[in-house]
Q: 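Mind having a look at this structure? Questions to follow.
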Amino acid sequence: MNPSEAELLDFVTGRRWFGAKSREATGAAVLDRAAVTETVEVLLTEIRYATGTHDVYQLVVNAGGGALEDAELLADPGLARVLVSLMGAGAGLPSEFGELSFCSREGLDTPVVRARRIDTEQSNSSIVLDDRLILKLYRRLEAGVSPELELLRFLADHEFSNVPQLQGWWSYSGSLMSATLGIVQQFVPHAVDGWTLALAELPDNPDLFLERVGRLGEVVGALHAVLASDSEEPAFAPEDASPEMLALLRATVDDEIEQIFEHLPDDESVAPIVGSSGAVRDLLGELANVGSIGKVIRHHGDLHLGQVLLSDGDWFVVDFEGEPARSLPERRVKRSPLRDVAGMLRSFAYVVHVAGCASYAYERARELFLDGYLGIVEGTGILPQPYQVERLIGIFELEKAVYELRYELSHRPDWVHIPVAGIESLLTKTTT
């Protein structure tokens with residue numbers, strides 16, 4: 001297939017997984033292509049922007065012409081069967097200017113009878129195979145190994161069981177770039193994500209959900225303990241945080257506070273924090289007077305209730321790609337594991353507000369999660385002293401709440417009151 005530039009632009013920018021809807025796309029071109037079957041090919045497509053930047057997207061298209069891609073193509077069990085077979089065989093396929101390489105861990109079998117797309121996915125495309133495997137196709141490609149693939153391989157090698165186990169992956173290499181194209185994991189049956197579960201249980205039976213939160217803290221603690229367990233692997237070996245790391249964090253958050261608070265709208269939703277820029281920055285300075293921040297390690301990077309699944313009474317952590325707005329090198333940087341903790345605590349604050357629950361539900365969820373988490377990581381040496389842990393969590397919660405404030409003002413004005421309440425709460429805690 002040789003789509004025109006206009007066809008490529010219209011198609012890519014109209015997809016839900018297109019990640020630059022706020023930027024003006026000015027051009028498009030196919031950079032490389034590879035035939036996967038007689039009727040299906042992969043296109044690596046460049047999208048250019050008015051700013052002079054560009055992104056590369058992966059498309060799966062009908063090789064014989066017609067529509068660039070239709071909803072049934074990725075849900076074709078025949079295509080899924082071919083991809084899984086290629087991974088199981090460790091095969092390679094030539095492209096015009098490079099190669100697609102397929103790999104697997106032991107135990108990946110090839111029969112695929114049924115395939116169905118997951119339509120709720122935003123930035124990638126996922127296909128469930130026979131309710132036993134899930135195939136994730138990455139859309140926006142960046143040079144380098146996907147952090148998700150890297151983390152899942154490490155966790156599989158170290159026998160961490162609370163993630164869907166990695167089964168296979170495929171990558172592209174050529175003069176253009178080297179990049180991960182997709183992965184296959186075990187499918188978690190009968191699973192519900194933490195956000196959906198909380199919204200279902202908190203309004204009528206909050207104690208039912210709260211009973212599960214301690215175990216969630218334990219699972220996240222075990223995840224961090226495993227990620228910090230191999231001092232011989234340079235990409236994962238824990239490192240002592242330098243004083244410059246905390247100074248950079250403080251400067252970054254301070255700049256964000258200044259920018260947002262200077263441009264708060266004249267609206268009742270933000271009235272509780274209008275004029276409090278100085279107090280928020282003072283709070284940041286007080287929290288940052290912490291001394292040691294412990295070890296920095298590889299971590300999840302975007303942890304919240306939507307990134308965990310409950311199945312058969314236990315929690316599984318998913319989606320290790322990191323924050324979508326960060327570049328791939330940024331997502332591979334070692335940071336304090338307490339960033340993940342703060343992300344989950346802020347997620348509790350969000351879901352309690354959305355579910356319309358009393359504040360005690362948030363305070364209890366916070367307490368139970370931290371008890372479970374700290375009980376597991378105690379003794380690993382990755383965290384500093386308890387009073388320092390408390391201050392660091394406060395810094396990361398403040399960082400997250402300020403980011404949330406910016407996001408909600410731009411995208412979901414009806415939710416602005418949630419980060420506003422979070423900032424208010426942090427200010428109140430330091431003055432009482």
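Heads up: numbering here begins at 1 and tracks the sequence. Fair warning: this is a prediction, and the values are worked out from it, not measured in the lab.
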Q: Does either side chain, that of Glu148 or that of Ser146, offer a donor lying less than 3.5 Å from an acceptor on the other one?
A: no
Q: Could you check if a side-chain atom of Pro324 sits within less than 4.5 angstrom of a side-chain atom of Asp302, using non-hydrogen atoms only?
A: yes
Q: Name all residues meeting the ring-ring contact (aromatic ring centres under 6.0 Å, His included) criterion together with His54; count only those two or more places apart in sequence or in a different chain, and write none if there are none.
A: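 By the ring-ring contact (aromatic ring centres under 6.0 Å, His included) rule, His54 matches no residue at all.
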Q: Are the charged groups of Asp130 and Arg81 less than 4.0 angstrom apart, N to O?
A: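 Here Asp130 does not pair with Arg81 in a salt bridge, since their nearest N and O are not under 4.0 Å apart.
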Q: How far does CD1 of Ile273 sit from CZ of Phe261, to the nearest 0.5 angstrom?
A: 4.0 Å
Q: When you look at CD of Glu262, are more than 12 heavy atoms from neighbouring residues, nucleotides or ligands closer to it than 6.0 Å?
A: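 More than 12 heavy atoms, drawn from other residues, nucleotides or ligands, come within 6.0 Å of this atom.
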Q: Closer than 3.5 angstrom, by distance alone: can the side chain of Gln388 be matched with the main-chain N or O of Val290 as a donor-acceptor pair?
A: yes
Q: Calculate, to the nearest 0.5 Å, the distance between atoms CG and CG belonging to Asn289 and Leu284 respectively.
A: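 One finds 11.5 Å between CG of Asn289 and CG of Leu284.
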Q: Donor-acceptor check, side chain of Ser126 to backbone of Ile118, threshold 3.5 angstrom: yes or no?
A: no
Q: Answer yes or no: is there a side-chain heavy-atom contact under 4.5 Å between Val270 and Leu409?
A: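 Result yes, sub-4.5 Å side-chain heavy-atom pair found.
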Q: Please enumerate all residues that pass ring-ring contact (aromatic ring centres under 6.0 Å, His included) together with Phe209, with sequence neighbours excluded.
A: none
Q: Just wondering, do Leu405 and Val420 contact through their side chains at under 4.5 Å, heavy atoms?
A: yes
Q: Hey, is CZ on Phe18 packed in by over 12 heavy atoms from elsewhere, all under 6.0 Å?
A: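 Above 12, so yes.
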Q: Please name the pair of heavy atoms, one in Phe348 and one in Ala365, separated by the smallest distance, quoted to 0.1 Å.
A: CE1-O, 3.9 Å
Q: Which atom pair, heavy atoms only, marks the closest approach of Val308 to Val318?
A: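 Looking at all heavy atoms of both residues, the closest pair is N-CG2, 4.3 Å.
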Q: Test your reading of the model: is there a side-chain donor-acceptor pair from Ser410 to the backbone of Arg406, 3.5 Å cut-off?
A: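 Yes; judged by distance alone, with no hydrogens or angles, the pair exists.
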Q: Only pairs under 3.5 Å count here: list side-chain donor-acceptor contacts from residues 354-364, not counting sequence neighbours, and write none if there are none.
A:
residue, atom, partner, partner atom, Å
Tyr362, OH, Arg366, NH1, 3.0
Arg364, NH1, Glu367, OE1, 3.1
Arg364, NH1, Glu367, OE2, 3.4

Q: From the options His300, His224, Lys295, select the one residue that forms a side-chain contact (heavy atoms from CB on, under 4.5 Å) with Pro337.
A: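 In the set His300, His224, Lys295, the residue that makes a side-chain contact (heavy atoms from CB on, under 4.5 Å) with Pro337 is His224.
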Q: Ignoring hydrogens, what is the shortest heavy-atom contact between Thr45 and Leu59? Give both atom names and the distance.
A: OG1-CD1, 3.6 Å
Q: Should Ile418 and Glu408 count as side-chain neighbours, where that means a heavy-atom distance under 4.5 Å?
A: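 No, side chains not in contact.
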Q: Hey, does the side chain of Ser311 reach the backbone of Pro189 with a donor-acceptor pair shorter than 3.5 angstrom?
A: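 At least one qualifying donor-acceptor pair exists.
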Q: Between the main-chain N or O of Trp17 and the side-chain N or O of Arg140, is there a donor-acceptor pair closer than 3.5 Å?
A: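 Looks like no, no N/O pair under 3.5 Å.
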Q: Using a 3.5 Å distance criterion without hydrogens, assess whether the side chain of Asp32 forms a donor-acceptor pair with backbone atoms of Leu44.
A: no
Q: Can Ile183 and Leu166 be said to form a side-chain contact (heavy atoms from CB on, under 4.5 Å), step by step?
A: CA-CA 8 Å; Ile183 62 170; Leu166 178 69; 4.2 Å; yes
Q: Show me the pairs that pass ring pair (Phe, Tyr, Trp, His ring centres under 6.0 Å) and involve residues 374-394, at least two apart or across chains.
A: none
Q: Step by step, work out the salt bridge (Lys or Arg N to Asp or Glu O under 4.0 Å) result for Lys136 and Glu321.
A: CA-CA 11 Å; Lys136 179 187 287 188; Glu321 295 174 65; 3.1 Å; yes
Q: Is there a side-chain contact between Arg114 and Val128 (heavy atoms, below 4.5 Å)?
A: no
Q: I'd like to know if the side chain of Asn162 reaches the main chain of Trp315, judged simply by a donor and an acceptor atom lying under 3.5 Å from each other, with no hydrogens or angles considered.
A: yes
Q: Main chain of Gln58, side chain of Arg139: is a donor-acceptor contact present, judged purely on distance under 3.5 Å?
A: yes
Q: Listing request: all side chain to side chain donor-acceptor pair (under 3.5 Å) pairs with a residue in residues 187-196, at least two apart in sequence or in separate chains.
A: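 As it turns out, the side chain to side chain donor-acceptor pair (under 3.5 Å) pairs with a partner in residues 187-196, which skip direct neighbours, are Asp193-Thr196.
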Q: For a quick test of reading the model, state the closest non-hydrogen atom pair linking Pro164 to Val317 and the distance between them.
A: CD-O, 3.4 Å
Q: Give me the atom names and distance for the closest heavy-atom approach of Gln167 to Leu133.
A: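 Nearest pair, atom of Gln167 first, then Leu133: CG-CD2, 3.9 Å.
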Q: Quick one: salt bridge (charged side-chain N to carboxylate O under 4.0 Å, His left out) pairs with a partner in residues 343-357, sequence neighbours left out?
A: Arg346-Glu404
Q: So do Ser277 and Ile257 actually touch side chain to side chain, heavy atoms under 4.5 Å?
A: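 They are in side-chain contact.
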Q: Test of understanding: with side-chain hydrogen bond (donor to acceptor under 3.5 Å, both in side chains), list the residues that count as partners of Tyr57, not counting sequence neighbours.
A: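 Per chain and number, Tyr57 pairs via side-chain hydrogen bond (donor to acceptor under 3.5 Å, both in side chains) with no residue.
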Q: What pairs of residues pass the salt bridge (charged side-chain N to carboxylate O under 4.0 Å, His left out) test when at least one of them lies in residues 328-338, not counting sequence neighbours?
A: Glu142-Arg331, Glu150-Arg332, Glu239-Lys334
Q: How would you list, by chain and number, every residue that makes a ring-ring contact (aromatic ring centres under 6.0 Å, His included) with His263, sequence neighbours excluded?
A: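 Checked His263 against ring-ring contact (aromatic ring centres under 6.0 Å, His included); zero matches.
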Q: For residues 208-218, which residue pairs qualify under salt bridge (charged side-chain N to carboxylate O under 4.0 Å, His left out), counting only residues two or more places apart or in two chains?
A: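 Applying salt bridge (charged side-chain N to carboxylate O under 4.0 Å, His left out) to every pair that reaches into residues 208-218, excluding sequence neighbours, yields Glu201-Arg212, Arg215-Glu218, Arg215-Asp314.
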Q: Would you list the atom pairs, donor with acceptor, under 3.5 Å between side chains in residues 377-385 and any protein atom, with sequence neighbours excluded?
A:
residue, atom, partner, partner atom, Å
Thr380, OG1, Val377, O, 2.6
Thr380, OG1, Ile382, N, 3.4

Q: Is any side-chain N of the basic residue among Glu233 and Arg298 closer than 4.0 Å to the acidic one's carboxylate O?
A: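 No, no charged N to carboxylate O under 4.0 Å.
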Q: Does any part of the side chain of Val60, heavy atoms only, come nearer than 4.5 Å to the side chain of Val36, both counted from C-beta?
A: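 Not touching, per the 4.5 Å side-chain cut-off.
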Q: Measure the spacing between CG of Leu151 and CZ of Phe320 and express it to the nearest 0.5 Å.
A: 6.5 Å
Q: Looking at Asp266, I'd like to know if its CG atom is crowded, meaning that more than 12 non-hydrogen atoms belonging to other residues, nucleotides or ligands lie closer than 6.0 Å.
A: no
Q: Evaluate the criterion side-chain contact (heavy atoms from CB on, under 4.5 Å) for residue pair Leu305 and Tyr350; output intermediate values, then yes/no.
A: CA-CA 10 Å; Leu305 283 168; Tyr350 260 71; over 6 Å; no
Q: Taking only residues two or more places apart in sequence, or in another chain, which ones meet His304 in a ring-ring contact (aromatic ring centres under 6.0 Å, His included)?
A: none
Q: Between Thr252 (side chain) and Leu248 (backbone), is there a donor-acceptor pair under 3.5 Å?
A: yes
Q: Output the distance between atom CG (Leu328) and atom OG1 (Thr180), rounded to the nearest 0.5 Å.
A: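 Nearest 0.5 Å value for the CG-OG1 distance: 8.0 Å.
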Q: In Å and rounded to the nearest 0.5 Å, what is the OH to CD1 distance from Tyr407 to Ile260?
A: 14.0 Å
Q: Using side-chain heavy atoms (C-beta onward) and a distance below 4.5 Å, is Phe187 in contact with Leu129?
A: no
Q: At their closest point, which heavy atom of Gly88 faces which heavy atom of Leu108, and how far apart are they?
A: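 Reported closest heavy-atom pair: N-CD2, 4.0 Å.
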Q: Could you give the distance from CG (Leu223) to CG (Leu303), rounded to the nearest 0.5 Å?
A: 8.0 Å
Q: Quick check against the 3.5 Å criterion: does Arg15 have a side-chain atom that pairs as donor or acceptor with the backbone of Phe11?
A: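 Side chain of Arg15 to backbone of Phe11: a pair is present.
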